[in-house]
2 protein chains.
Amino acid sequence: MLKEERHKLILGEVNLHNRVLLSDLGENLNVSIDTVRRDVKELDADRKLKKVHGGAIATGFLASNGQQAVFLQNEKQKIAEKAVSLLKEGQVILMSGGTTNLEVVRFFPRKTPLTVLTPSLQVATELLNYQNIEVIFLGGRLDHESKFAIGGTVIHTLSQIKADICFLGTGYLDPEFGLTEIDWEVVQVKRAMITASKKVALLCVSNKLFSTQRYKTCDLASVDILITELDPDSKKLDPFKQDIETII
Amino acid sequence: MLKEERHKLILGEVNLHNRVLLSDLGENLNVSIDTVRRDVKELDADRKLKKVHGGAIATGFLASNGQQAVFLQNEKQKIAEKAVSLLKEGQVILMSGGTTNLEVVRFFPRKTPLTVLTPSLQVATELLNYQNIEVIFLGGRLDHESKFAIGGTVIHTLSQIKADICFLGTGYLDPEFGLTEIDWEVVQVKRAMITASKKVALLCVSNKLFSTQRYKTCDLASVDILITELDPDSKKLDPFKQDIETII
DNA sequence: TTTTTTCTTGCATAAATTGGCATATATTAT
DNA sequence: ATAATATATGCCAATTTATGCAAGAAAAAA
């Protein structure tokens, strides 16, 4: 049998079943598993499929993460770098949604093993690109716009968790009124996330400072670490220093 | 024999069988293998066929794996149309993952209000484009490859649900062995989904019929409706008619 | 943890390929 | 017609490719 014939047959199997085992392929094609392995390796290099431990999966089966331009990306990347510096091996992390948290994910270490819990569909999807990270989705009813799980289920699940640190994407932040949000349901989830974490790190682009909204998530005092793209000594941050322990 | 004659004969052979071995050609044409090799090399340069190590392959044969979008998309769309015809307003639907279910989502009605529960990140993401559908993600640990929630949390959540209908993407299906899967964790989730539904509809491209895998999800008897792209009267489906109530 | 499975790497063998060369055949020029 | 040239074919040795095997590393499972 010609190599190309096998390639064709392998692709057929993979695309049909989404996932196949190398050992099965070898048996069906009557060649050694080494040959199948080399075939699959080639097809993987050609992006025709994805090779995984023990088998192969169809590329069509994997979600394509359409990276879209992020508003204030530079600022958010600075925040992301600072946030990632807080991570330690083996930690359990809670992450809310939002573009800033998405940026944090893109700065995650590729080796350090971590567990991340999130109610954000986008954050979860992005995290699945990291083999070293165990991703746990806090399921529940999903909000169509924010692609974020809300409602009693999420909150109940969160009540049974104590994470090491929580990366909270900010809606609105003000030294006097604390954290506020537009959406009442989101407030409920964020409150539950705060309760479910030993430390709360707030990720906040500086032009969200000094703004408020209808629903209150918590006071500044509930925040342990404030992360902005600014220098920690910046005058703009002075009004927050009284209530927040650490600003980086 | 003239060179042009041989070229025609070689092309005929290749297009007939999709592939040929140089050694066979040499024997049939009564020329040395070197000559055949040179012939094939020329035909390759003219793009009349593709020369490969040890033989040649028809160009048309290779072109078919170029369609990388969704394998067997036509078949899957037929299945999707049939599946969607089962939906009724206000129903609660359970959906597993896989490309066939993704295709089903794309055929969902834009108006009919429905509630869909799913452990598949991709299905959930796709469903969020439909304002009329309440999407509930069955949270839990996510599998990196399949982007599918697995483990105790999902199964526990499912135990508290009774959906109207479950759309089950098939791993492998055989009249004797029933539904089987490669992944044990996926089997667990699918079993829980079956238990959690009043009706089970199986979505299955016909190529997947008569194939088995290591882990068994359930017997045919657990399936209420089998949906394939075939005509329900097709002979291929006969072996399944004994155990499955409805085939569409 | 220990055990099992899969992966990688290097090696050995067989088959296929390449490039050079020689011969035979066909074509062209004289 | 003959010589010169070009094309086609077959043969051979050196090289490359394909494949299987086996031992140690790495990853997953128990």
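Every value quoted in this text rests on a predicted model; they were computed, and no experiment measured them. The figures that follow rest on heavy atoms only: side chains count, while hydrogens, waters and symmetry mates do not. A, B, ... follow the sequence lines: proteins, then strands. Residue 1 opens every chain.
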Exercise for the section: Output the distance between atom CG (A/Leu16) and atom OG (B/Ser211), rounded to the nearest 0.5 Å. Expected result: 7.0 Å
Exercise for the section: Quickly, which of B/Val154, B/Leu142, B/Thr153 forms a side-chain contact (heavy atoms from CB on, under 4.5 Å) with A/Phe137? Name it, please. Expected result: B/Leu142
Problem - Short side-chain donor-acceptor distance under 3.5 Å, B/Asp219 and B/Ser222 - result: no
Exercise for the section: Give a yes or no on whether a salt bridge exists between B/Lys8 and B/Glu5, defined as a side-chain N under 4.0 angstrom from a carboxylate O. Expected result: no
Completion exercise
Atom CD of B/Glu5 and atom C1' of D/dT9 are separated, to the nearest Å, by 16 Å
For residues 159-174 of chain B, which side-chain donor-acceptor pairs fall under 3.5 Å, sequence neighbours excluded?
from	atom 1	to	atom 2	distance (Å)
B/Ser159	OG	B/His156	O	2.5
B/Lys162	NZ	B/Thr195	O	3.0
B/Asp164	OD1	B/Lys198	NZ	3.1
B/Asp164	OD2	B/Val92	N	2.8
B/Thr170	OG1	B/Leu203	O	2.5
B/Tyr172	OH	A/Arg19	O	3.2
B/Asp174	OD2	B/Glu176	N	2.9
B/Asp174	OD2	B/Phe177	N	3.1

Exercise for the section: Count the heavy atoms belonging to other residues, nucleotides or ligands that lie under 6.0 Å from NZ of B/Lys51, then report whether that count exceeds 12. Expected result: yes
Problem - Ion pair A/Arg106/A/Glu103, N-O distance below 4.0 Å - result: yes
Problem - Donor + acceptor pair across side chains of B/Gln213, A/Asp24 (<3.5 Å) - result: yes
Handout entry: DNA chain C: 5'-most and 3'-most nucleotides touching chain A, 4.0 angstrom heavy-atom criterion
Key = C/dT6 to C/dT8
Problem - Test: A/Lys3 and A/Glu42 ion pair at under 4.0 Å - result: yes
Do any N or O atoms of the protein come closer than 3.5 Å to N or O atoms of nucleotides 25-30 of chain D, and which pairs are they?
none

Exercise for the section: Report yes if at least one side-chain N or O of B/Arg6 is closer than 4.0 Å to OP1 or OP2 of D/dA8; otherwise report no. Expected result: no
Practice task
Report the residues that fulfil side chain to side chain contact (heavy atoms under 4.5 Å, CB included) with B/Glu134, sequence neighbours left out, ordered by chain and then residue number.
Solution key: A/Arg141, B/Thr115, B/Ile136
Exercise for the section: Give, ordered by number, those residues of residues 25-45 of chain B having at least one heavy-atom distance below 4.0 Å to an atom of DNA chain C; if nothing qualifies, reply none. Expected result: B/Arg37, B/Lys41
Completion exercise
Overall bend of the helix from C/dT1-D/dA30 to C/dT30-D/dA1 (five pairs an end, 10° steps) is 40°
Handout entry: Side-chain H-bond candidate by donor/acceptor type, A/Lys76 with A/Thr99, under 3.5 Å
Key = yes
Practice task
Ignoring hydrogens and angles, state whether a donor on the side chain of B/Ser206 or B/Glu75 is under 3.5 Å from an acceptor on the partner side chain.
Solution key: no
